[in-house]
Amino acid sequence: MAEERFDFRTLEPKWQKRWAEEQIYKTEWDDTKPKYYALEMFPYPSGKLHMGHVRNYTIVDAIARYRRMAGYNVLHPIGFDSFGMPAENAAIQHGADPAVWTKTNIAEMEKQLRRLGYSYDWDRTVYTYREDYYRWTQWIFLQLYKRGLAYKKTAPVNWCPTCQTVLANEQVEEGRCWRCDSVVTKKNLSQWFFRITQYADELLEDLKLLEKGWPERVRIMQTNWIGRSEGLQIEFTLEPTGDKIPVFTTRPDTVYGVTFMVVAPEHPIVEKICTSGLVSEEKVREIRAFQERMKTLSEIERTSTEAEKEGVPLGVNVINPFNGEPAQLWIANYVLMDYGTGAVMGVPAHDQRDFEFAKKYGIPIKVVIQNPDHSLKAEEMTEAYVDPGIMVNSGPFDGTPNLEGIAKVAAYAEEKGIGRRTVHYRLRDWLISRQRAWGAPIPIVYCDRCGTVPVPEDQLPVRLPEGLVFTGEGGSPLARHEGFVHTTCPQCGGPARRETDTMDTFVDSSWYFLRYCDPHNDKAPWDPEVVNKWMPVDQYVGGIEHAVLHLLYSRFITKALRDMGYVNVDEPFAALLTQGMVIKDGAKMSKSKGNVVSPEEMIEKYGADSCRLFILFAAPPERDLDWSDAGIEGAYRFVNRFYRMVVSAVPMWQHARSLLPVRPGDVAGMTGALSEAELTEAIARSSLTAEDRELRRVVHTTVKRITADLQERFAFNTAISALMELTNAVYAYREQVPEEKQNALVLAEAIQKAVLLIAPFCPHLADELWSRLGYPQSVHLASWPSYDEEATRAETVEIVVQINGRVRDRLTVPAGIDAAEMQKVALASEKVQSLIAGKQVVKVIPVPGKLVNIVVKG
RNA sequence: GCGAGAGUGGCGGAACUGGCAGACGCGCAAGACUUAGGAUCUUGUGCCGCAAGGCGUGUGGGUUCAAGUCCCACCUCUCGCACCA
């Protein structure tokens with residue numbers, strides 16, 4: 001017995017094969033069960049799974065398996081986000097065909113996923129690079145186009161010189177490309193955008209629907225990204241010409257304190273001033289020099305908080321429409337052309353940035369919000385006053401508390417026609433064009449006669465041609481492929497050119513969860529009736545890195561599709577779990593650090609079940625997980641310890657079976673399967689020793705704890721520790737109770753429930769043991785174990801007696817003991833008596849079932 | 001600077017509602033079995049102390065019969081945002 005181990009090398013493949021043959025994870029819609037859609041972020045087929053994937057998928061698999069056993073009809077699919085740069089880079093570097101490269105990698109990754117024993121419905125696998133998928137990605141583009149949600153415009157866009165393509169704002173992190181880390185530059189190009197800004201308000205507002213299901217952190221990140229701000233747009237007038245220059249402010253209450261105005265160096269009014277002869281040639285040269293210098297700075301340098309504010313006066317004034325007073329016009333580095341109107345009013349007394357700027361250049365400071373505590377004097381101020389106060393020097397608003405003033409000034413401005421209330425967002429439209437060939441072609445044709453023409457839906461997909469030549473130079477291979485570029489106009493039949501850009505791969509991934517619901521549909525991307533049954537995703541699990549990117553795009557696409565009537569949910573993902581990273585020696589695993597742990601090697605050495613167990617046990621899912629070689633050894637030991645516990649109990653199990661009545665259909669000599677109910681009944685009829693009852697208590701408490709851990713929170717680590725305690729209790733029982741006195745029924749119950757409980761974590765081990773117990777059907781089709789509340793109650797409990805909050809004694813008392821009785825027992829304790837002798841008992845606080853605290857004085 | 005999270009033994013972590021701090025695992029030590037043990041089973045293991053006992057959840061204060069948990073001030077780390085007008 002001591003030698004026996006779970007032979008994962010033969011048994012894991014055995015069960016994987018059996019599951020596949022019997023299709024036990026195949027999911028069909030079932031009206032009789034509640035649905036549960038468990039989803040993980042599908043992988044990019046890089047070729048090898050890393051530990052991050054394994055953690056992500058093991059978490060979702062445990063959830064899916066638990067829900068399945070708990071009676072849900074579970075949808076748990078997988079797919080491959082298989083368009084994108086790495087395939088194309090492989091083509092450029094090694095001459096590989098991206099399609100072949102991708103296919104090979106997918107095959108490799110599928111193999112690894114199968115070796116981990118995940119309970120996917122493999123029939124639903126989606127591959128975004130296949131025609132039967134990207135055809136519908138193109139279809140979605142056309143639907144957006146039809147409704148004005150996809151459009152082309154020329155704009156300064158982010159350009160990654162390494163990836164040789166444009167990027168969406170979300171894909172630029174601190175001025176660098178999210179994939180390759182190159183510094184991103186600006187280019188003025190005509191590109192396709194999705195009008196996500198039309199949904200800005202709803203995307204923000206509906207975060208409220210996700211308050212329960214999503215981490216606060218992610219909701220905050222999206223809120224910040226959308227960056228809604230309410231304010232007043234005011235038109236100042238350029239004194240010499242009468243040109244209107246609108247500014248946006250969230251502080252209308254400070255408008256009487258304006259002493260200057262700043263516009264971005266790229267602001268069109270600057271050009272007008274320079275070419276109008278309003279200012280001296282010398283001034284123009286000064287302005288041009290400043291503009292040039294700003295251009296050479298990178299976005300990061302220009303917008304960093306540390307950069308000192310600097311600017312150049314334009315030598316002209318603007319007029320404040322509120323009081324008719326002139327204010328100097330400047331250009332400065334700290335005003336950005338692409339936020340608000342590209343022009344801001346300068347109120348140095350009440351804005352720290354304006355204050356610094358004014359101090360540096362000797363611009364006047366005018367106090368218009370008076371500090372109610374100390375009277376502010378402009379010349380004595382060392383920083384802007386930004387706290388609440390009373391409006392002064394503000395014409396009709398003098399004496400108004402400034403917080404009230406915000407609304408009053410805005411209303412006044414609208415009434416007088418000098419301003420209007422507006423809302424600004426930081427969110428920009430989603431730039432989806434990519435100058436890359438390994439993606440879904442944008443289904444648009446340009447015709448000299450008809451202009452921009454969408455490809456008719458019945459002509460989809462616009463196929464990616466085979467045999468593209470990848471050189472890495474001269475733009476996208478698609479644009480150089482004559483056969484692809486030249487086509488005929490779907491409207492007039494004349495010669496036309498295809499759009500040669502493909503779509504951002506984030507478009508592919510912003511609807512895959514819908515396709516999983518109806519993956520084989522070749523008439524439509526999905527049948528709304530089917531999708532509406534499965535959606536929303538009940539639990540989504542993935543890394544925090546998509547907090548804004550994928551999760552925002554998917555929310556937008558879902559809302560747009562909802563408005564078109566193709567889906568009926570407002571939000572695609574009802575609940576989100578952002579799992580922590582897998583780290584090693586305190587750092588993220590990376591090749592350069594040499595601390596990468598390969599899942600393949602771990603499976604080879606310890607088996608999939610041990611890997612899964614360790615990953616779930618070592619840390620709560622949302623926290624970072626420190627990989628430890630010793631830790632996985634421990635998991636491996638537990639797998640074997642559990643295995644021995646069950647295998648060695650088989651004779652006892654058979655004995656238990658023999659104690660129960662023979663049922664019709666039982667075959668002589670076979671163990672036969674014991675139902676939970678049969679066992680419970682038989683135990684109820686038998687008499688139990690104190691040890692039997694104690695073991696039962698542990699068994700039933702464990703079921704209760706693990707159920708709560710899996711149902712209410714994803715506390716796999718404590719669930720597994722409870723399972724370890726149960727295992728320890730079974731060993732202890734068998735060690736302490738002489739064999740002839742051991743209760744076969746109670747042991748059988750313990751074994752049965754233990755195997756069911758471990759099934760979500762170690763599916764191969766569980767199924768092997770389940771079959772050894774004589775069950776013909778997979779454990780994964782069995783019901784989640786139940787527990788008897790009565791059996792979880794202990795007969796006696798240990799209570800703690802404290803004196804002045806310090807533990808002084810421990811007493812064993814009957815479980816049901818009331819407060820008064822507890823108090824009596826506590827005070828009667830010899831130890832307590834000796835400690836309180838000669839002291840005055842001030843108070844006694846009994847906490848039922850837990851402790852008694854005796855407060856003494858003297 | 002703003003926002004979020006975290007700080008508990010040698011290590012990963014537990015303590016969910018204020019009620020025995022350190023469950024469970026790793027590591028370490030001892031014992032049993034053994035030709036052998038890097039297998040297995042058992043026992044011990046926060047720190048100081050021979051003991052009685054004392055001290056212990058980042059720091060300092062507070063509330064409470066009772067604080068890892070609540071309140072106030074602060075320190076450190078991680079992540080996100082950052083001249084957004």
Side-chain angles (χ1 to χ4, degrees), chain A residues 1-5 173-174 215-221 223-225 227-229 231 247-251 254 262 264 302-309 332-336 338-347 351-354 356-357 424-426 544-545 547-548 580-581 613-614 617-620 622-635 637-638 640-641 644 705 708-709 712-713 715 717-725 727-728 731-732 734-735 798-807 809-810 842-856:
Chain A
M1 165 192 153
E3 298 297 321
E4 241 187 302
R5 288 187 188 207
E173 295 167 348
E174 293 183 25
E216 188 186 20
R217 172 154 97 115
V218 177
R219 296 196 323 266
I220 290 173
M221 282 163 82
T223 303
N224 291 342
W225 187 259
R228 181 190 150 98
S229 75
V247 300
F248 175 72
T249 180
T250 54
R251 293 293 305 277
T254 65
V262 193
R302 163 101 184 264
T303 60
S304 122
T305 325
E306 285 95 66
E308 201 182 332
K309 291 171 186 39
N333 58 346
Y334 73 96
V335 175
L336 311 169
D338 55 5
Y339 183 78
T341 61
V344 300
M345 59 188 213
V347 186
D351 181 286
Q352 189 56 28
R353 293 158 300 179
D354 296 346
E356 285 166 27
F357 192 75
H424 276 278
Y425 296 93
R426 279 183 42 198
I544 187 72
E545 66 273 14
V548 174
M581 283 188 303
L613 190 80
F614 170 69
F617 178 62
E622 63 282 355
R623 273 213 244 167
D624 284 354
L625 183 153
D626 207 343
W627 185 270
S628 136
D629 293 336
I632 190 165
E633 291 273 356
R637 278 208 290 266
F638 176 70
N640 287 311
R641 185 171 156 86
R644 282 189 297 272
R705 281 169 65 187
D709 280 349
E712 288 153 30
R713 37 195 211 141
N717 54 334
T718 52
I720 290 164
S721 76
L723 210 41
M724 288 169 170
E725 285 180 75
T727 307
N728 292 346
Y731 273 85
R734 295 206 296 196
E735 173 88 8
E798 193 186 67
I799 60 161
V800 162
V801 185
Q802 296 180 329
I803 295 173
N804 290 345
R806 287 162 183 275
V807 179
D809 202 5
R810 290 160 195 279
V842 182
K843 212 181 194 182
V844 181
I845 299 123
V847 182
K850 288 194 173 136
L851 56 75
V852 178
N853 191 9
I854 301 164
V855 186
V856 298

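- Here A:Val847 lies in heavy-atom contact (under 4.0 Å) with a base.
- Base pairing annotation: B:C65 forms a Watson-Crick or G-U wobble pair with B:G19, both donor-acceptor distances under 3.5 Å.
- Comparing B:C41, B:G27, B:A14 by their closest approach to the side chain of A:Tyr731 singles out B:C41.
- Between B:G62 and B:G46, the two P atoms lie 31 Å apart (nearest whole Å).
- Closest approach to the A:Glu725 side chain among B:C84, B:C20, B:A23 is made by B:A23 (side chain taken as heavy atoms from C-beta onward).
- A:Asn804 places its CG atom 15 Å from the C1' atom of B:G19, with the value rounded to the nearest Å.
- Under the Watson-Crick and G-U wobble criteria, each requiring two contacts below 3.5 Å, nucleotide B:G10 is paired to B:C26.
- Nucleic acid contact for A:Gly227: none, since no nucleic acid atom lies under 4.0 Å from a heavy atom of the residue.
- Minimum atom distance to the side chain of A:Met221 is reached by B:G80, of the listed B:C20, B:G80, B:C65.
- For B:G27, the OP1/OP2 oxygens have a side-chain nitrogen or oxygen of A:Arg637 closer than 4.0 Å.
- The CG atom of A:Asn853 sits 15 Å away from the P atom of B:U64 (whole-angstrom rounding).
- Using a 4.0 Å heavy-atom distance criterion, A:Arg806 is classed as a sugar-phosphate-only contact.
- Glycosidic conformation of B:G60: anti, with the torsion beyond 90° of 0.
- Using N1 to N3 plus N6-O4 or O6-N4 for Watson-Crick, or N1-O2 and O6-N3 for G-U wobble, each under 3.5 Å, B:C2 pairs with B:G80.
- Nucleotide B:C55: paired with B:G46 (Watson-Crick or G-U wobble, both distances less than 3.5 Å).
- Of the candidates B:A23, B:G19, B:G25, B:A23 carries the atom nearest the A:Ser721 side chain, counting heavy atoms from C-beta on.
- Using a 4.0 Å heavy-atom criterion, one finds that A:Arg217 contacts the sugar-phosphate atoms exclusively.
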- Intermediate values then yes/no, salt bridge (charged side-chain N to carboxylate O under 4.0 Å, His left out), A:Arg810 and A:Glu798: CA-CA 6 Å; A:Arg810 290 160 195 279; A:Glu798 193 186 67; 3.7 Å; yes
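- The nucleotide whose nearest atom lies closest to any side-chain atom of A:Tyr339 is, among B:C65, B:A85, B:C83, B:A85.
- Within 4.0 Å (heavy atoms only), A:Gln802 reaches at least one base atom of the nucleic acid.
- Put simply, the side chain of A:Arg353 does not reach to within 4.5 Å of the side chain of A:Val262, judged on heavy atoms.
- Going from the C1' atom of B:G68 to that of B:U17 covers 15 Å, rounded to whole Å.
- The gap from the P atom of B:A32 to that of B:C24 amounts to 25 Å, rounded to the nearest Å.
- Under 4.0 Å is where a charged nitrogen must lie from a carboxylate oxygen, and between A:Glu725 and A:Arg705 at least one such pair does.
- In this structure, A:Asn717 reaches the B:A14 phosphate: one of its side-chain N or O atoms is under 4.0 Å from OP1 or OP2.
- Distance A:Asp626 CG to B:G27 C1': 15 Å, rounded to the nearest Å.
- Of the candidates A:Val247, A:Asp351, A:Val335, A:Val335 is the only one forming a side-chain contact (heavy atoms from CB on, under 4.5 Å) with A:Val344.
- Among the protein residues, A:Thr718 comes within range of the sugar-phosphate backbone only, with heavy atoms under 4.0 Å from sugar or phosphate atoms but none that close to a base.
- A:Pro215 comes within contact range of no nucleotide atom at all, as no heavy-atom separation falls under 4.0 Å.
- Between the side chain of A:Asp354 and the backbone N or O of A:Val347, at least one donor-acceptor pair lies under 3.5 Å.
- Atom C1' of nucleotide B:C79 and atom CE of A:Met581 are separated by 9 Å, given to the nearest angstrom.
- Closest to the A:Ala630 side chain, of the nucleotides B:G12, B:C26, B:A14, is B:C26.
- At distances below 3.5 Å, at least one donor-acceptor pair connects side-chain atoms of A:Asn333 with backbone N or O atoms of A:Glu308.
- Listed candidates were B:G5, B:C20, B:U40. Nearest to the side chain of A:Glu798 is B:C20.
- Pairing for B:C33 is absent, judged as Watson-Crick or G-U wobble with the two contacts each under 3.5 Å.
- Considering only side-chain atoms of A:Ile220, the nucleotide from B:G3, B:A39, B:C84 that sits closest is B:G3.
- Separating the CD1 atom of A:Ile632 from the C1' atom of B:C11 is a distance of 17 Å, rounded to the nearest angstrom.
- With both ends at atom P, the span from B:G53 to B:A15 equals 31 Å, rounded to whole Å.
- Taking atom CZ of residue A:Phe248 and atom C1' of nucleotide B:A85, one finds them 8 Å apart after rounding to whole Å.
- Nearest nucleotide to the A:Tyr334 side chain, out of B:A23, B:G5, B:C83: B:C83.
- Residue whose closest nucleotide on RNA chain B sits further toward the 5' end, between A:Met724 and A:Gly805: A:Met724.
- In this entry the distance linking CZ of A:Arg641 with C1' of B:G25 reads 12 Å, nearest Å.
- Residue contacts for A:Asn728: at a heavy-atom cut-off of 4.0 Å it reaches the sugar-phosphate backbone alone, with no base atom in range.
- When all heavy atoms are compared, the tightest approach of A:Ile632 to A:Phe614 is N-CD1, 3.7 Å.
- Between the CG atom of A:Asp624 and the P atom of B:G7 there is a distance of 13 Å, given to the nearest Å.
- The shortest distance between the side-chain N/O atoms of A:Arg623 and the OP1/OP2 oxygens of B:A14 is below 4.0 Å.
- Nucleotides B:G5 and B:C50 have their C1' atoms positioned 46 Å apart, rounded to a whole Å.
- Remark: the separation of the P atoms in B:C79 and B:C71 is 27 Å, to the nearest Å.
- When each of A:Lys850 and A:Arg251 is assigned the nucleotide of RNA chain B bearing its nearest heavy atom, the one mapping closer to the 5' terminus is A:Lys850.
- At least one test fails for A:Lys309 against the ring of A:Phe357: distance under 6.0 Å to the centre or angle within 45° of the axis.
- Nucleotides B:A66 and B:U78 are separated by 37 Å at their P atoms, to the nearest Å.
- Closest to the side chain of A:Arg644, out of B:G13, B:C65, B:C41, is B:C41.
- Formation of a donor-acceptor pair under 3.5 Å by the A:Asp624 side chain with backbone atoms of A:Met581 is found in this model.
- No hydrogens or angles were tested; on distance alone, nothing pairs the side chain of A:Lys843 with the base of B:C65 as donor and acceptor under 3.5 Å.
- Comparing B:C81 with B:U8, their P atoms are spaced 27 Å from each other, to the whole Å.
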